[in-house]
Novice: 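Right, I'll just put the structure down here and ask away after.
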Amino acid sequence: MAALVRVNSLKIHFPIHAGFLRRKVDEVRAVDDVSFEVQEGTTLGLVGESGSGKSTLGRALLKLVPATEGEVFYRETSILPLREAAFRPMRKEMQMIFQDPFGSLNPRMRIDEIVGEPLRIHFRHLDKAGRRDTVAALLSRVGLPPESMWRYPHEFSGGQRQRIGIARALAVQPKFLICDEPVSALDVSVQTQIINLLKELQEQFKLTYLFIAHDLAVVEHMSDDIIVMNRGRIVEQGTSEQVCGDPQHEYTKKLLAAVPSL
């Protein structure tokens with residue numbers, strides 16, 4: 001199976017400045033020498049507690065956070081050195097579903113504008129009617145009525161807003177989706193609905209996921225392979241069965257022990 005995304009020795013360090021001249025006195029190693037592959041058509045789970053560097057890593061794969069060192073390959077193309085104009089065609093294939101369903105949607109825009117904006121940028125051949133039809137189809141696919149496109153984000157619940165965020169990510173027909181804790185801000189019953197929706201969409205559109213979460217039980221349910229991160233480094237990786245069934249690192253064992261059981 002081919003690797004859609006390949007990461008080699010990625011480092012993301014943030015400098016700490018102090019004093020009147022704002023000299024660099026230290027640095028935060030948010031991601032420190034991380035390497036992995038995401039196989040096409042699969043889900044790679046990325047799990048760790050808050051502050052472990054997993055969200056920073058996900059954003060770096062889309063060039064939303066600058067990398068300090070290392071390489072990121074998408075379909076064997078090294079993307080970190082690319083200028084924005086050269087990377088823009090790839091942005092259609094690489095999208096993100098954000099953690100916060102409240103903060104990730106512009107409250108001043110209607111849903112037809114939010115979901116239709118990527119279409120306007122990347123599919124300029126579509127006229128207004130074509131964009132409207134596409135938005136209606138996308139909303140239906142994520143479980144929302146098409147007429148909801150005329151409403152504003154504040155008129156929806158958290159789960160419905162996350163469905164809108166998923167529809168926006170799907171608008172440009174991506175191949176690779178980074179799901180940055182997409183269910184952590186939702187009620188448990190709604191979490192199940194969103195996870196099932198993501199699995200259905202993956203099967204229908206042949207998507208590849210990087211699924212980021214701090215809940216190992218959710219990651220186990222979603223993922224084919226799992227990476228465990230702690231303090232910017234990978235401490236364990238393997239198949240979902242290996243990592244959750246026979247964890248080798250003490251940190252992974254602590255994460256499993258923290259999973260609530262009924």
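These numbers were taken from a predicted model, which means no experiment stands behind them.
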Novice: How are the rings of H249 and Y251 set relative to one another: parallel (under 30°), tilted (30 to 60°) or perpendicular (over 60°)?
Specialist: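 It falls in the perpendicular class, over 60°.
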Novice: Can you tell me how far the OG1 atom of T208 sits from the CG atom of L4, to the nearest 0.5 Å?
Specialist: 5.0 Å
Novice: Quick one: closest heavy-atom pair of M90 and I79, and the distance?
Specialist: SD-CG2, 3.6 Å
Novice: In chain order, what residues pass the side chain to side chain donor-acceptor pair (under 3.5 Å) check against R233, with sequence neighbours excluded?
Specialist: D32
Novice: Above 12 or not: heavy atoms from other molecules or residues under 6.0 Å from CD of E203?
Specialist: no
Novice: Would you please say whether a donor-acceptor pair under 3.5 Å links the side chains of T239 and D225?
Specialist: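 Side chains of T239 and D225: no pair found under 3.5 Å.
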Novice: Any cation-pi pair here, K92 with F123, using under 6.0 Å and within 45°?
Specialist: yes
Novice: Does the side chain of T43 come under 3.5 Å of the side chain of Q202 through a donor N or O and an acceptor N or O?
Specialist: yes
Novice: Taking atom types as modelled, find out whether T252 and E236 have a side-chain donor-acceptor pair closer than 3.5 angstrom.
Specialist: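 Their side chains do contain a donor-acceptor pair, which is all the 3.5 Å distance test asks for.
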Novice: Side chains of S184 and Q99: is there a donor and an acceptor less than 3.5 Å apart?
Specialist: yes
Novice: Evaluate R6 against E71 for salt bridge (Lys or Arg N to Asp or Glu O under 4.0 Å), listing each step before the verdict.
Specialist: CA-CA 8 Å; R6 184 160 49 91; E71 299 175 304; 5.8 Å; no
Novice: Quick one about E37 and Q39 (side-chain donor to acceptor, distance below 3.5 Å, no hydrogens or angles considered), yes or no?
Specialist: yes
Novice: Who are the side chain to side chain contact (heavy atoms under 4.5 Å, CB included) partners of A86, not counting sequence neighbours?
Specialist: L82
Novice: Decide whether Y74 and E93 meet the rule of one side-chain donor and one side-chain acceptor closer than 3.5 Å.
Specialist: yes
Novice: Go through the steps for V115 and V135 under the test side chain to side chain contact (heavy atoms under 4.5 Å, CB included), then give the verdict.
Specialist: CA-CA 6 Å; V115 179; V135 170; 4.1 Å; yes
Novice: Cation over ring, R151 on F156, under 6.0 Å and within 45°?
Specialist: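 Relative to the ring axis of F156, which defines the angle, R151 lies inside both limits.
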Novice: With a 4.0 Å cut-off, would you call R168 and E117 a salt bridge?
Specialist: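 Here R168 does not pair with E117 in a salt bridge, since their nearest N and O are not under 4.0 Å apart.
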